[in-house]
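Reckoned from all heavy atoms, side chains included, excluding hydrogens, waters and symmetry mates.
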Protein chains: 2
Amino acid sequence: MGQLEDMKVFIRVVEAGGINRAADQLSLAKSAVSRRLVNLETRLGVRLLNRTTRTSSLTEEGQSYYERVIKVVDDIAEINTLTADSNTSLEGTINLAAPLSFGLCHLSNAIDAFMKQHPELTINIDFSDRKVDLVEEGLDLAFRIANLKDSSLIARKISDIKHILCASPDYLKEHGTPKTPSDLKNHRLLHYNLSGTSIWKFIDNKGKQHSINVSAKIIANNGDYLKDMAVAGHGIVFSPTFISWKAIAAGDLVPILSDYKLPQLKAYAVYPQTRYLSQRTRVLIDFLVERFGDNPCWDQNIIY
Amino acid sequence: MGQLEDMKVFIRVVEAGGINRAADQLSLAKSAVSRRLVNLETRLGVRLLNRTTRTSSLTEEGQSYYERVIKVVDDIAEINTLTADSNTSLEGTINLAAPLSFGLCHLSNAIDAFMKQHPELTINIDFSDRKVDLVEEGLDLAFRIANLKDSSLIARKISDIKHILCASPDYLKEHGTPKTPSDLKNHRLLHYNLSGTSIWKFIDNKGKQHSINVSAKIIANNGDYLKDMAVAGHGIVFSPTFISWKAIAAGDLVPILSDYKLPQLKAYAVYPQTRYLSQRTRVLIDFLVERFGDNPCWDQNIIY
DNA sequence: TTCATTGTTCACAAATTGAGAACTATAAAA
DNA sequence: TTTTATAGTTCTCAATTTGTGAACAATGAA
């Protein structure tokens, strides 16, 4: 008994690339996963996975079984959400990944509010700036701050992410306030090295683009740290407003080059390309879009 | 746990028209069926069946859930048979219905042979000449002797069914042997009243059709009984050869009007219009087609 | 009204499931 | 080559789920 559950376990094993990892992702003992697989294989009378002690690979039958089964499981998920009463409180687990700074600053509050609306839900968050593979890690949802062009993933915009150039008043008093992007060459710059580029781009009020190659004094993979360094007077930081807004509101940081436009990014909720999103995930995304939207709290009441 | 099993139980409840009957057909306690339904409904948060103590009717949600779920369950059955190793011995239960005479005379031997090939199988036969509703009674298969024109059922021809007119030598000695169909009007006729008509049709060797209206001396709903009555000299019977062949071979009955052709019927295996037949059912049908075919044992070595 | 039948609920027994440890096997490292 | 680390299997035990059958409640029919 439990055909469907066996199928789901099998799918997870295939996508996680092994029984151990699948067991982790499913929060199951590996013995249980192993047994479900054996059950499935004996019921079908077919070997689905060739497993050595080190690697698991699909057999030919396993491959075609996987392709068929994934569709059906998807169909059932669809049927469930279609006929499930949307008024009942959600339950189950949402596994998600979020970037460190954005996650801790803003997502955590939002999810706290969401959990109060749906106390039966379990949320499992992986805060990290590394690139996560949704399918392989069995996640329902991840947040990306980017200009998405890819991919096999489906994305929904959660919010605009603005950037701003700023420094502490002390620093500006000592080193002067730059008036043009090229002035930055004579300043101490603080750079976020996960942005994928070491070039800062500006567009002036005539629409002309200016670029400078950043040779930074402090380089880090954490925007909060860079912001703190800027507050401490270590130089000029190119910072997303969701990180620096409080320091700016408090006067600890002063925006500079405000007449220039900086490239905008967007925060996305991305999820795997299953045809149908589970209801709980969809409701969470709706909640976040509603909460952040085009005018998120950190960009309100502030004129940069 | 056991989502798929819940769905299957739900389907059976809908098609059987109630929890009690579904429990019978599934060989489950009705309490178990009831609980599975409750589970399903609480999981979905939706009432699927409006059940009073006397009737069960689908709610609107139940209706659409049923339609969706039946497709998916069908898909899974297909996947299973597609990937299941066809060399493994079959298991599970086949529920089937068969007409009384044909079933007892011929099917029983065939199924005996089939069971020896597949000892893990369970076969559940309902011998009866009443009209069975495959879906409502949860049958996998039924046999019909007819000239099928309907229906929502899918049918596969198992064998030709020939008919023959015959009587005992004693009877013929006493009453004379008819030479034309119209001669029958002066004879004692034995009639099978489930044939749906009381007209016997003949085609002579020039292709011309003759009909006579049967006013029979003995009427019964059992072909074996009529054959036995004919052997005992009670008159002329219009009998399928699968019933009368032995008596003819033994000389207890003598074919008459052999130059006339009688209407032929066919034996069919019919099964519900699910897109995919379970492997065990399909294998049984193949076996029977192979065994009977166009020249079944009872029509061999006999010239009528 | 009474009766027959259907579905629900309950307590208990049986079966299934998961956890965790011990064990086996093998690829990679030394 | 030997050693080591890791992936998968198997085992036992506890927890959960499932099925059973009886008692119960509800309702349409006589």
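- Of the residues in residues 17-32 of chain A, those placing a heavy atom less than 4.0 Å from an atom of DNA chain D are G18(A), I19(A), N20(A), K30(A), S31(A), in numerical order.
- For E5(B) and dT17(C), the CD to C1' distance is 14 Å, given to the nearest whole Å.
- In this structure, the CG atom of L4(A) is 17 Å from the P atom of dT17(D), given to the nearest Å.
- Between dG19(D), dT8(C), dG8(D), one nucleotide has an atom nearer to the side chain of R51(A) than all others, and that is dG8(D).
- In this structure, CD of E41(B) is placed 11 Å from P of dT9(C), rounded to the nearest angstrom.
- Put simply, CZ on R36(B) is 9 Å from C1' on dT17(D), counting in whole angstrom units.
- Judged as a ring-ring contact (aromatic ring centres under 6.0 Å, His included), not a single pair has a partner in residues 14-50 of chain B (not counting sequence neighbours).
- Among residues at least two apart or in separate chains, there is no ring-ring contact (aromatic ring centres under 6.0 Å, His included) pair with a member in residues 22-46 of chain B.
- Taking atom CG on N39(A) and atom C1' on dG8(D), their separation rounds to 15 Å, with Å as the unit.
- Checked against side chain to side chain contact (heavy atoms under 4.5 Å, CB included), S108(B) has no partners two or more places apart in sequence or in another chain.
- Note: CD (Q3(B)) to C1' (dT17(D)) measures 15 Å, nearest angstrom.
- E137(B) has a carboxylate O that lies under 4.0 Å from a charged side-chain N of R130(B), or vice versa, which qualifies the two as a salt bridge.
- In terms of the side chain to side chain contact (heavy atoms under 4.5 Å, CB included) criterion, residue partners of R280(B) (sequence neighbours excluded) are, by chain and number, L90(B), I94(B), L121(B), S278(B).
- Atom CG in N50(A) sits about 17 Å away from atom P in dA25(C), given to the nearest Å.
- Among residues two or more places apart in sequence or in another chain, the ring-ring contact (aromatic ring centres under 6.0 Å, His included) test is passed with F114(B) by H118(B), F287(B).
- The side chain to side chain contact (heavy atoms under 4.5 Å, CB included) test applied to L194(B) returns D129(B), Y192(B), N221(B), not counting sequence neighbours.
- Not counting sequence neighbours, the partners of V14(B) by the side chain to side chain contact (heavy atoms under 4.5 Å, CB included) test are F10(B), L58(B), Y66(B).
- Under the ring-ring contact (aromatic ring centres under 6.0 Å, His included) criterion, no residue pair touches residues 11-42 of chain A, with sequence neighbours excluded.
- Contact check, R35(B) against dT17(D): no side-chain N or O comes under 4.0 Å of OP1 or OP2.
- Using a 4.0 Å cut-off on heavy atoms, none of the residues of residues 58-65 of chain B approach DNA chain D.
- At whole-Å resolution of the value, CG in L37(A) and C1' in dT10(D) are 15 Å apart.
- For the side chain to side chain donor-acceptor pair (under 3.5 Å) test, no residue two or more places apart in sequence or in another chain qualifies with N50(A).
- Taken over five-pair windows at either terminus, the axes of the helix from dT1(C)-dA30(D) to dA30(C)-dT1(D) are inclined to one another by 30° (rounded to 10 degrees).
- No hydrogens or angles considered: a donor-acceptor pair under 3.5 Å links the side chains of D224(A) and S101(A).
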